[in-house]
There are 2 protein chains.
Amino acid sequence: MRRTKKERQRLLSETIAENPFVTDEQLATQFQVSVQTIRLDRMELSIPELRERIKDVASKSYENEVKSLPIDEVIGEIVDIELDHRALSIFDVQEEHVFQRNGIARGHHLFAQANSLAVAVIDDELALTVHSNITFVKPVRAGNRVITKAIVIGRDEQKHRTKVEVTSTVNGETVFVGEFDMYRTKGKGE
Amino acid sequence: MRRTKKERQRLLSETIAENPFVTDEQLATQFQVSVQTIRLDRMELSIPELRERIKDVASKSYENEVKSLPIDEVIGEIVDIELDHRALSIFDVQEEHVFQRNGIARGHHLFAQANSLAVAVIDDELALTVHSNITFVKPVRAGNRVITKAIVIGRDEQKHRTKVEVTSTVNGETVFVGEFDMYRTKGKGE
DNA sequence: TTGTTATTAGCACTTGGTACTAATATCAGT
DNA sequence: ACTGATATTAGTACCAAGTGCTAATAACAA
């Protein structure tokens, strides 16, 4: 045993999480064990084979295709959307999103999630943020799962404007609120 | 020939574009031809095999994920700073900062530049954005050089608050304005 | 030394193909 | 109707990256 089995499996999980496109053979070389050992490890950790992993990555981004905005342009993962009404997204705060000094999430990440959700909820090819008024209610930290809800609260057909209210919570507690004034090209049913 | 070859190949392209996860066998059944014919068609149209298609979808969404996350690096370069008074930063808008659909910069990048400059201008170990009111005045596009200026316009020692006004311009034209209410731990000369 | 856990080896089989050859079918023009 | 070109089908060997299974070792611990 090069190291312990546990240690290897821990690293294996990490490696695959980082790069799902790696084959068992590459992993075997990397960890200096046989391909069979890698396979046993994957089974114990219930990590699917390469093709399944790739398929998962692909179908995840494919299923959630939203008319208004390709999913990859949204910060966080949209879990529910009802165009022109409401939308919900989840964003897991990682180490790289916080200030090293105090571990508090940088504001622009929360803003990015809220803003991209406000864009996504608009049922239009072109939606732009014109104005927004936001408040950071409580600090957010690494490890927190931020659940953000966008609700369309008003619409002015003449001015092509839509008002969206966005609220982010962590464990049920509000951490961020914002009001977004969005511009859209098309009016109702055009 | 059920229909013409051309017609079938046209539909084939469409079908695969719509759902890249379809196998040759499924296609053969759908078009009532043999699997070999489907393969010949794919070759003539240079459509890769199922696994390659899936891999393409997966890696595309994977690259984008990585691209949209490191906002830390897009906050611009600070070129001048006078702590607790003013600060100036430059940010060059690249292709990856704009919506593919219309080429306009995503709001959160401009916000990120403004917000991080507001944080930087505060002469304190800990500065957090509490509230902000922002307006996207004009669309910004790839290739634009955004010059952002932050000016400290007020300070409330009791409440540990500092107000910062941020203005971004492209070629002298204002594209973004924002007012940031910042929280700081320390008061004056503590 | 014995028992347990860990690792490696080997084989048959699977999917969704590629690459290639060869046999038919279909149609168009003369 | 005959010929030649194009289209379609069939069949084979082979590949990658696995699964599922059995069996042989190796390493370690009491």
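Chain letters run A, B, ... following the sequence lines, proteins first and then strands; every chain starts at 1.
Contact check of residues 41-50 of chain B against DNA chain C (heavy atom, cut-off under 4.0 Å) returns B:R42, B:E49, B:L50.
Atom-to-atom, CD of B:E25 to P of D:dT9 comes out at 14 Å; the value is rounded to the nearest Å. Taking atom CZ of residue A:F21 and atom C1' of nucleotide D:dA16, one finds them 17 Å apart after rounding to whole Å. Rounded to an integer number of Å, the gap from B:F31 CZ to D:dA7 C1' is 17 Å. The CD-P distance, from A:Q36 to C:dG10, rounds to 9 Å in whole Å. Rounded to whole Å, the distance from CD on A:E52 to C1' on D:dT19 is 11 Å. When the C1' atom of D:dT9 is taken as reference, atom CD of B:Q32 falls 14 Å away, rounded to whole Å. As rounded to whole Å, 9 Å separates atom P of D:dA7 from atom CZ of B:R8. Counting to the nearest Å, the P atom of D:dC28 and the NZ atom of A:K6 are 17 Å from each other.
Put simply, the residue from B:I104, B:V98, B:L110 that forms a side-chain contact (heavy atoms from CB on, under 4.5 Å) with B:V140 is B:L110.
Along DNA chain C, the nucleotide nearest A:Q9 and the nucleotide nearest B:R51 are compared for position; the residue whose nucleotide lies closer to the 5' end is A:Q9.
A perpendicular orientation is assigned to the rings of B:H109 and B:H97, their planes being inclined by more than 60° (bins at 30° and 60°).
Contact annotation: side chain of B:R39 to base of C:dT18, donor-acceptor pair absent below 3.5 Å.
Ranking C:dT18, D:dT8, C:dT8 by closeness to the B:K5 side chain, first place goes to D:dT8. Of the candidate nucleotides D:dG18, C:dG17, C:dT8, C:dT8 has the atom nearest to the side chain of A:L40. Comparing C:dT7, D:dT19, C:dG17 by their nearest atom to the side chain of A:T37 picks out C:dT7.
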B:E179 vs B:N133, test: side chain to side chain donor-acceptor pair (under 3.5 Å). Steps then yes/no.
CA-CA 5 Å; B:E179 207 178 88; B:N133 197 313; over 6 Å; no
Would A:E49 and A:R42 count as a salt bridge (charged side-chain N to carboxylate O under 4.0 Å, His left out) if you check the C-alpha gap in whole Å, the side-chain angles of each, and the deciding distance to 0.1 Å?
CA-CA 8 Å; A:E49 63 164 296; A:R42 274 201 298 100; over 6 Å; no
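Aromatic ring centres of A:F180 and A:F111 lie closer together than 6.0 Å.
Not one N or O on the side chain of B:D123 forms a donor-acceptor pair closer than 3.5 Å with the backbone of B:D84.
Comment: A:E165 does not engage A:K149 in a salt bridge, judged by the lack of any side-chain N to carboxylate O separation of less than 4.0 angstrom.
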